[in-house]
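Take a look at the structure below.
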Protein chains: 2
Amino acid sequence: MTISARVHYATLALIELALRQSEKAPVAVREITRRHGIPGPFLVQILRTLRSAGWVQSVRGSQGGYRLAVEPADLTLLEIAEAVGCPESNGQTDATDTPANRMVHEVWDAASEASRAVLARTTLAEIAARTAQDDAVMFYI
Amino acid sequence: MTISARVHYATLALIELALRQSEKAPVAVREITRRHGIPGPFLVQILRTLRSAGWVQSVRGSQGGYRLAVEPADLTLLEIAEAVGCPESNGQTDATDTPANRMVHEVWDAASEASRAVLARTTLAEIAARTAQDDAVMFYI
DNA sequence: TAGAAAGTTGATCCAATTAGTCAAGTATGG
DNA sequence: CCATACTTGACTAATTGGATCAACTTTCTA
C-alpha cells in the first residue's frame with residue numbers, strides 16, 4: 001500500500017494550516033506550494049475537495065487564502081485519506097462466489113482494516129504537534 | 001487498499017493447488033480458470049511469476065499442469081502479495097524533505113506495516129484449510 | 001475606480017499501471 | 001505423428017493518478 005500523492009499533499013496542506021491557525025490572515029496557496037514543493041494547480045484541486053468536506057475555509061480576493069475550519073484534534077488521517085483518495089472502494093462483486101473467493105476477501109479486509117485503524121487513531125493535531133517539534137529541533141542544528 | 005486482481009487470482013490458484021496436493025497428477029491451468037472464473041491467459045502470466053518464485057512446479061506436455069512445490073504452512077499471504085503485486089514500492093524520495101513530509105510518511109508506514117502484519121501471519125495452509133471447511137459446509141446445503 | 005492578487009470552476013491532457021490477449025514455439029503422452 | 005498443454009514474449013485496451021490550462025469572479029489597495 002503506497003500513499004497516493006493526493007492524500008500526501010492534502011495532509012501536508014492541512015498540517016501547514018493547523019500550525020498557522022493562530023494567524024489572523026488566511027494562508028495563500030502559493031505559500032503552501034512553495035514550502036512543500038507541491039505542483040501548483042494540483043493543490044488547488046485538492047483544497048477544493050477539503051473545502052467541500054468543510055475542513056477548510058477559503059477567503060477570496062487579494063490577501064485571500066485558506067484557513068482551517070475545524071479542530072485539528074477532531075480530524076483523523078483516515079477521514080482525510082477517504083475524502084481525498086479514491087472515491088470509494090467500488091463494490092464490484094466478483095464474478096464467481098466460491099468459498100476460496102470469500103476467504104481471500106476476508107483476509108484482505110482484515111488487513112485493510114488493520115491499516116485503517118492506525119490512520120483512524122492519528123489526528124491532525126498529533127501529527128501537526130509532532131511536526132512542530134521536529135521543526136524546533138531543526139532550528140538548533 | 002483494494003486488492004489487485006493479480007494478487008487475488010494468484011491466491012485463488014495457490015489455494016486450489018494446496019487443496020489438491022495429494023493428487024498424483026498435476027492440475028491443468030484450464031481447470032483452475034474454469035473453477036474460479038479467471039481469464040485464461042492471464043492466469044498463465046501469474047503462474048509464471050509463481051514458478052519463478054519457486055512456489056509451483058510446472059509439468060509440460062499432455063497431462064501436464066501445475067503442482068505446489070512448497071509446504072502451504074511455509075507460504076504467507078504477504079509473500080504472495082509481494083511477489084505477484086507491484087514490483088517494489090518505488091523508492092522515489094520526495095522532492096522536499098521537510099519535517100511535515102517525514103511525519104506523513106511515518107504514519108503511513110505504520111499503517112502499511114499494520115496491514116502487512118496481518119498478511120504475514122496468515123499462511124496458505126490456514127486459508128486453504130478454512131476454504132475446505134466452507135466447501136464441506138456448502139456440500140450439506 | 002482601476003488593476004493586481006487571490007481563489008473558482010470546468011475541461012482537458014499525459015503517463016503509468018493494470019488487466020487482459022495473441023501467436024508462435026516446445027515438450028510429452030498415446 | 002498429432003493432440004494436449006505449458007512457455008515465451010510482445011502487444012493492446014482501459015482505468016486511474018497526476019498535473020495543467022484558460023476564463024472568470026472576488027476583494028484589497030493605491
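Phosphate contact (OP1/OP2 of D/dG18, side-chain N/O of A/Y9, threshold under 4.0 Å): absent. In this model, the phosphate group of D/dT16 is not approached by any side-chain N or O of A/R6 to a distance below 4.0 Å at OP1 or OP2. For A/R67 and C/dG7, the shortest distance from a side-chain N or O to OP1 or OP2 is not below 4.0 Å. Of the side-chain N and O atoms in B/S58, one or more sit less than 4.0 angstrom from OP1 or OP2 of D/dT7.
The side chain of B/V29 has D/dC6 as its nearest neighbour among D/dC6, D/dT4, C/dA5. Closest to the side chain of A/F42, from the set C/dG7, D/dA19, C/dG20, is D/dA19. In this structure, of D/dT20, C/dA6, C/dG29, it is D/dT20 that holds the atom nearest to the side chain of A/P41.
Rounded to a whole Å, the CG atom of A/L43 is 14 Å from the C1' atom of D/dT20.
Heavy-atom nearest nucleotides on DNA chain C were determined for A/Y66 and for A/Q45, and the one closer to the 5' end corresponds to A/Y66.
Using a 4.0 Å heavy-atom criterion, one finds that A/G61 contacts the bases of the nucleic acid, with or without backbone contacts as well. Contacts of B/R48 with the nucleic acid, taken as non-hydrogen atoms under 4.0 Å apart, include base atoms. At the heavy-atom level, B/P39 lies under 4.0 Å from the strands shown only through sugar-phosphate atoms.
Using a 4.0 Å cut-off between a side-chain N of Lys or Arg and a carboxylate O of Asp or Glu, A/R116 and A/E82 qualify as a salt bridge. Under the 4.0 Å criterion applied to side-chain N and carboxylate O atoms, A/R20 and A/E16 are assigned as salt-bridge partners.
Side-chain N/O atoms of B/R60 and base N/O atoms of C/dT26 include a donor-acceptor pair closer than 3.5 Å.
Put simply, the side chain of A/S112 never gets that close to the backbone of A/W108: no donor and acceptor are under 3.5 Å apart.
A/Q21 and A/R67 share no donor-acceptor pair across their side chains, judged by distance under 3.5 Å alone.
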